[in-house]
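See below for the structure under consideration.
These values consider heavy atoms only, across backbone and side chains, with no hydrogens, waters or symmetry-generated copies.
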Amino acid sequence: MRIAVTIFLTDETITPARLARELEQRGFAGLYLPEHTHIPAERTTPYPAGGDLPREYGRTLDPFVALGQAAAVTERLGLGTGVTLVAQHDPIDLAKRIATLDHLSGGRFTLGLGYGWNVEEAADHGVTWRTRRELVRDRMALMRALWSPEPTAYAGRFGSVRAAFAHPKPVRKPRGPVVGPRTLVGGAAGPKLFAHIAEYADGWLPIGGRGLTESLPVLRSVWSDAGRDPADLEVVPYAVQPTPGKLGHYAELGIEEVVVQLPPAGEADVLRALDAYGPLLADGTPRT
């Protein structure tokens, strides 16, 4: 099982380059970074985990800039977002940014995408909350047109693009309905989410990794009904607090990669956390 990490990198934490070097040297599979452009001070949306919103949410580094720095100092480390808030981006600009990072890193980028939870943050980007899922779906289709091997036009409900020359292209070749880098959709289990995963993604990025025993068979059924090859479905539990028992359970479910949570802390504390995760990495399988 591959073990990757996620962390809220901020202006107060370990730097992307320092962390990326450590992860590659220690044998971790990848680094995934979250995204928040800003957190409105007059926030009414409750924090999904309950309680006060942690300080790091309003100090998060731009994930693409940080991952570009990580890419420059590593050769093998996977690089991903967890998650990119696609609704909050211009899709033509985002397509270029993603393709450039994937190209410069040699195809190491994973686009983890999500729909967001902070209504006020999204509203400042002009996002209408009730249609955000369809907006993301539309923007993903537009980006796929730009990533296609030949100039391809797209006209959708929320946006359009002329057939255009748009290089670089993501390294991965088109596979079934998916065009672009490795693409995982984050969110809670449900019919709409699973339909979107089967339509335009390589798999699911379930936050916290709970309830997979019940939800995985449902997703696999939706995936197969959409004509996708069951062997191609990827499920990557995200922001997990790992234990050998939990990782062993994931392995029994056929999961091949898990993203574990690091503290949003300075260098010394983050390196101690990596030391604690070390026994999980010995040969790619969970150990006690």
Side-chain angles (χ1 to χ4, degrees), residues 6 8-10 16 31-40 43 45 57-71 79-105 108-148 152-162 164 166-172 178-187 192-193 196-197 199-202 205 207 238:
T6 184
F8 276 84
L9 288 179
T10 76
L31 170 62
Y32 291 74
L33 299 180
E35 176 183 46
H36 283 284
T37 55
H38 67 301
I39 300 294
R43 184 175 56 84
T45 307
Y57 276 75
R59 308 186 73 94
T60 307
L61 300 184
D62 179 278
F64 292 97
V65 175
L67 289 170
Q69 190 180 77
L79 309 162
T81 52
V83 295
T84 296
L85 300 172
V86 172
Q88 297 181 184
H89 289 271
D90 175 278
I92 299 174
D93 178 69
L94 182 60
K96 173 69 77 172
R97 193 177 310 166
I98 289 170
T100 299
L101 178 55
D102 194 55
H103 168 72
L104 292 177
S105 68
R108 289 187 276 151
F109 181 66
T110 293
L111 173 61
L113 66 98
Y115 308 106
W117 61 267
N118 190 315
V119 178
E120 294 78 43
E121 178 185 356
D124 283 349
H125 287 278
V127 176
T128 300
W129 193 249
R130 63 180 177 81
T131 59
R132 73 193 189 285
R133 289 176 180 268
E134 288 306 314
L135 174 61
V136 169
R137 177 175 178 264
D138 191 75
R139 289 185 170 171
M140 287 299 300
L142 190 155
M143 291 195 294
R144 291 199 303 276
L146 290 169
W147 292 332
S148 294
T152 302
Y154 175 77
R157 175 182 173 188
F158 297 97
S160 63
V161 67
R162 297 173 175 84
H167 293 266
K169 303 295 185 184
V171 173
R172 286 197 179 195
V178 186
V179 180
R182 182 187 188 221
T183 301
L184 304 173
V185 182
K192 185 172 288 188
L193 178 80
H196 285 190
I197 290 171
E199 178 183 350
Y200 61 75
D202 295 297
L205 198 68
I207 311 301
Y238 186 79

Residues in side chain to side chain contact (heavy atoms under 4.5 Å, CB included) contact with [X], at least two apart in sequence or another chain:
X      : result
Trp117 : His36, Arg43, Thr45, Tyr47, Pro48, Leu53, Tyr57
Arg157 : Thr131, Glu134, Asp138
Thr10  : Glu12, Thr13, Glu56, Arg59
Val83  : Leu85, Leu205

Using 0.5 Å steps for rounding, measure from the [atom1] atom of [X] to the [atom2] atom of [Y].
X      : Y      : atom1 : atom2 : value
Met143 : Leu113 : CE    : CG    : 7.5 Å
Tyr154 : Leu146 : OH    : CG    : 11.5 Å
Leu67  : Arg97  : CG    : CZ    : 11.5 Å
Arg133 : Leu193 : CZ    : CG    : 6.0 Å
Ile92  : Arg162 : CD1   : CZ    : 9.0 Å
Leu111 : Leu79  : CG    : CG    : 13.0 Å

Provide the closest heavy-atom pair for [X] versus [Y] in the form atom of the first, atom of the second, distance.
X      : Y      : result
Ala71  : Ser105 : CB-CB, 4.0 Å
Leu142 : Gly159 : CD1-C, 4.0 Å
Ala70  : Leu31  : CB-CD2, 4.2 Å
Phe109 : Asp102 : N-OD1, 3.2 Å
Ser160 : Ala155 : CB-CA, 3.8 Å
Gly180 : Arg172 : O-CB, 3.7 Å

### Query
Under the side-chain hydrogen bond (donor to acceptor under 3.5 Å, both in side chains) test, which residues partner Thr6, sequence neighbours left out?
Tyr238

### Message
Can you list everything that forms a side-chain hydrogen bond (donor to acceptor under 3.5 Å, both in side chains) with Arg108? Sequence neighbours excluded, please.
### Response
Thr74

### Message
Would Thr183 and Met140 count as a side-chain contact (heavy atoms from CB on, under 4.5 Å) here? Give the steps.
### Response
CA-CA 10 Å; Thr183 301; Met140 287 299 300; 4.1 Å; yes

#### Entry: Ring-face cation contact, Trp147 with Arg144, 6.0 Å cut, 45° max
no

Would you confirm whether [X], through its side chain, and [Y], through its main-chain N or O, come within 3.5 Å as a donor-acceptor pair?
X      : Y      : result
Asp202 : Leu184 : no
Thr60  : Gly58  : no
Lys169 : Ala99  : no
Arg139 : Val136 : no

Side chains of [X] and [Y]: closer than 4.5 Å at any heavy-atom pair?
X      : Y      : result
His38  : His125 : yes
Val185 : Tyr115 : yes
Pro181 : Val171 : no

### Query
Cut-off 3.5 Å, side chains only: do His89 and Thr84 have a donor facing an acceptor?
no

